[in-house]
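Data first, discussion second: the structure below is written as structure tokens.
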Amino acid sequence: MKKLLVGTILAGVVAIGAACSNNASHSSMQGHDMSNMNMKEENIAKDSSKQLPLATNTEVLSGKEINLTAKEALLQINDKVKLPVYTYNGSVPGAQIRIKQGDRVKINFKNELSEPTTIHWHGYPVPNSQDGVPGVTMNAIKPGETFTYEFTATVPGTYFYHSHQESAKQVDKGLYGTLIVEPKNEEKVDRDYTLVLDEWMSNPNEGNMHMSGMDHSNMGHGNSSDNQHMDMSNMGHDMSMYDIFTINGKSGSAVKPLKVKKGEKVRLRLVNAGYMPHKLHLHGHEFKIVATDGQPLKDPQPIKDELLNIAPGERYDIEFTANNPGEWLLECHGNMKGTDGMKVKIQYEGATNNTDKANAKEDLRIVDMTKYGKHELGQFTLDQKYDVEYTMDLGTAMGKDGMVYTINGKTYPETAPVNVKKGDLVKVTLVNSSPKDLHPMHLHGHFFQVLSKNGKPIAGSPLIKDTLNVKPGEEYVVAFKADNPGNWMFHCHDLHHAAAGMVTEVKYKDYKSDYTPNPNDTTNKPE
């Protein structure tokens with residue numbers, strides 16, 4: 001449920017994701033200077049029904065034991081907009097958890113919300129019991145209850161965490177934060193900034209949607225009284241309700257600049273916690289994409305004035321050398337109303353010239369990740385033998401209660417699982433048959449290697465990911481090893497598509513879970 005403009009209206013609404021495109025305790029998450037999440041007001045803002053505190057700075061938590069609390073607050077997005085939100089530790093994004101590879105970490109989580117919730121460690125290969133999917137790996141944590149997550153940080157990189165209980169509502173309201181696992185032998189940089197991308201609504205009435213039934217029939221698809229005969233080619237989400245785009249919970253001039261000095265090496269960790277892809281342009285500098293979804297790329301080449309398209313659930317780490325003094329922008333390209341708010345200044349210390357100009361409508365080339373970096377063979381190839389092969393046809397259809405999103409014509413929990421046993425090599429073909437909808441597909445508990453796009457083998461660096469954006473008409477082949485026993489979700493990370501059916505599971509035949517869901521418990525809502 002995406003976040004709303006406050007005034008007197010403080011209720012939530014559902015929003016649907018499409019594309020940010022031409023169509024539509026340190027305080028240092030931001031660089032060991034996380035003041036971009038700045039909100040120092042101590043006063044209390046008044047809700048129509050209760051008192052809520054203003055959201056605070058996003059803190060950075062390190063060490064082997066972390067305390068997180070889910071609670072409500074009001075988030076000041078810019079000088080005009082204040083929204084009611086759900087937070088981890090009082091901020092949006094929630095506290096950054098920053099740990100070392102090899103550490104055994106405990107996260108003590110308390111739920112102070114008025115509804116059940118969980119934490120899912122997005123992209124991280126935790127034990128299945130710690131994956132945080134209600135009704136699949138655990139029961140949702142009820143109001144006032146606590147739960148301790150525990151896992152070993154085996155794989156370095158940039159990840160994030162978020163609720164997996166009614167996530168189309170709770171993540172939209174701000175329940176996400178970042179997880180950074182520092183490698184044992186990390187290549188040092190001078191500045192390390194984390195930038196979390198998101199979108200919000202300022203007019204909930206435009207959504208005109210019913211959350212539980214996911215009735216999207218009023219979303220620009222015509223007013224046919226017989227939805228079953230609706231022209232399928234018109235099916236797609238009207239994203240115009242998303243009119244505020246944010247970086248680290250701030251928009252426009254409220255986004256605090258990133259400070260650099262000439263000669264410094266700068267890393268930007270880019271995380272998309274929203275439901276639209278965002279095309280980012282770094283002005284004035286060459287940069288390298290050093291990792292995607294936390295996984296390093298082989299010999300990334302410098303690129304300049306190309307757009308990096310970041311889909312929901314994806315993460316990209318980029319690095320550049322600060323060799324061009326002045327003030328420069330990192331900005332989202334597109335022509336949606338909220339686009340202008342998703343930009344941040346990169347300011348050189350001591351520089352006085354400010355000649356850079358926004359160019360968000362300029363049509364620049366998008367980096368082709370299937371050809372980026374040095375080509376070499378990865379763990380998997382297209383022509384090797386696989387133990388399990390599964391084709392996932394991703395579709396859009398009209399159900400009896402509105403629009404649904406299907407895998408092989410079925411909605412969860414009727415979708416056929418990917419049945420594996422430990423050690424199996426698994427090949428999955430992802431085909432997007434939806435006329436207009438993007439489907440960023442996310443696999444829990446595993447990384448997969450992308451082998452081909454539209455029949456053409458990957459020509460760049462081996463591409464290892466946990467989230468892959470599949471556009472209408474596209475087909476990808478991916479492969480992974482079944483090396484983490486459990487029952488794992490494989491779903492669209494436009495979480496409204498997941499809530500309306502686009503979910504299946506990877507199920508290990510030989511896995512015996514310590515958790516048995518109660519079929520009569522209506523509390524657990526894993527989508």
In the structure I gave you, are the side-chain heavy atoms of [X] and [Y] within less than 4.5 Å of one another anywhere?
| X | Y | answer |
| --- | --- | --- |
| Val450 | Lys453 | no |
| Thr321 | Val266 | no |
| Phe447 | Lys465 | no |
| Lys169 | Tyr86 | yes |
| Asn248 | Thr58 | no |
| Leu197 | Ile247 | yes |
| Leu297 | Met369 | yes |

Using a strict threshold of under 4.0 Å (side-chain N to carboxylate O), is an ion pair present between [Y] and [X]?
| X | Y | answer |
| --- | --- | --- |
| Glu286 | Lys304 | no |
| Glu319 | Arg267 | yes |
| Glu112 | Lys110 | yes |
| Lys265 | Asp190 | no |
| Lys371 | Glu306 | no |

Quiz item: With respect to Gln170, which candidate in His164, His162, Glu115 satisfies the side-chain hydrogen bond (donor to acceptor under 3.5 Å, both in side chains) definition?
Solution: Glu115
Exercise. Among Thr194, Asp192, Thr178, find the one that has a side-chain hydrogen bond (donor to acceptor under 3.5 Å, both in side chains) with Arg269.
Key: Asp192
Quiz prompt | ring-ring contact (aromatic ring centres under 6.0 Å, His included) pairs, two or more places apart, involving residues 350-374 | solution = none
Taking all non-hydrogen atoms of both residues into account, name the closest pair between [X] and [Y] and its distance.
| X | Y | answer |
| --- | --- | --- |
| Asn323 | Tyr348 | N-OH, 3.0 Å |
| Pro472 | Leu438 | CD-CD2, 3.8 Å |
| Leu175 | Thr87 | CD2-O, 3.5 Å |
| Cys332 | Thr339 | O-CG2, 3.3 Å |
| Pro312 | Thr467 | O-CG2, 3.4 Å |

Do [X] and [Y] have a side chain donor and acceptor closer than 3.5 Å?
| X | Y | value |
| --- | --- | --- |
| Thr370 | Lys456 | no |
| Tyr176 | Asp198 | yes |
| Ser62 | Arg98 | no |
| Asn469 | Glu314 | no |
| Thr396 | Asp437 | yes |
| Asn108 | Glu65 | yes |

What distance separates [X] [atom1] from [Y] [atom2], expressed to the nearest 0.5 Å?
| X | Y | atom1 | atom2 | value |
| --- | --- | --- | --- | --- |
| Leu270 | Leu282 | CG | CG | 9.5 Å |
| Trp328 | Asp356 | CH2 | CG | 5.5 Å |
| Glu376 | Ser461 | CD | OG | 6.5 Å |

Quiz prompt | Derivation and outcome, side chain to side chain donor-acceptor pair (under 3.5 Å), residues Gln101 and Lys184 | solution = CA-CA 6 Å; Gln101 183 183 9; Lys184 290 177 180 175; 5.7 Å; no
Quiz prompt | Ile77 and its side chain to side chain contact (heavy atoms under 4.5 Å, CB included) partner, picked from Val85, Ile244, Val92 | solution = Ile244
Practice problem: Step by step, work out the side chain to side chain donor-acceptor pair (under 3.5 Å) result for Thr246 and Glu199. | Solution: CA-CA 6 Å; Thr246 59; Glu199 320 87 29; over 6 Å; no
Contacts of type salt bridge (charged side-chain N to carboxylate O under 4.0 Å, His left out), residue [X], not counting sequence neighbours:
| X | result |
| --- | --- |
| Lys288 | none |
| Glu327 | Lys345 |
| Asp466 | Arg315 |
| Glu475 | none |

Exercise. Just do the side chain to side chain donor-acceptor pair (under 3.5 Å) check on His285 and Asn324 with the steps written out, would you?
Key: CA-CA 7 Å; His285 299 81; Asn324 192 8; 5.1 Å; no
Exercise. Flag yes if more than 12 heavy atoms outside Asn185 fall under 6.0 Å of its CG atom; otherwise flag no.
Key: no
So, [X] versus [Y], ring centres under 6.0 angstrom or not?
| X | Y | value |
| --- | --- | --- |
| His122 | His493 | yes |
| Tyr149 | Trp121 | yes |
| His496 | Tyr275 | yes |
| His333 | His278 | no |

Can you list the residues that meet the ring pair (Phe, Tyr, Trp, His ring centres under 6.0 Å) rule with [X], with sequence neighbours excluded?
| X | answer |
| --- | --- |
| Tyr159 | Tyr124 |
| His283 | His281 |
| Tyr316 | none |
| His439 | His497 |

Self-check item: For Ile66, all residues meeting side chain to side chain contact (heavy atoms under 4.5 Å, CB included), sequence neighbours excluded
Solution: Leu61, Leu68, Ile97, Val105, Ile107
Quiz item: By side chain to side chain contact (heavy atoms under 4.5 Å, CB included), which residues pair with Lys337, not counting sequence neighbours?
Solution: Asp243
Quiz item: Between Glu349 and Lys259, is a salt bridge (charged side-chain N to carboxylate O under 4.0 Å, His left out) present by the stated rule, with each step listed?
Solution: CA-CA 7 Å; Glu349 293 184 6; Lys259 298 290 188 179; over 6 Å; no
Quiz prompt | Verdict with reasoning, Asn111 to Thr117, per side chain to side chain donor-acceptor pair (under 3.5 Å) | solution = CA-CA 7 Å; Asn111 180 15; Thr117 191; 5.7 Å; no
Practice problem: Using side-chain hydrogen bond (donor to acceptor under 3.5 Å, both in side chains) as the criterion, list what pairs up with Tyr88, not counting sequence neighbours. | Solution: none
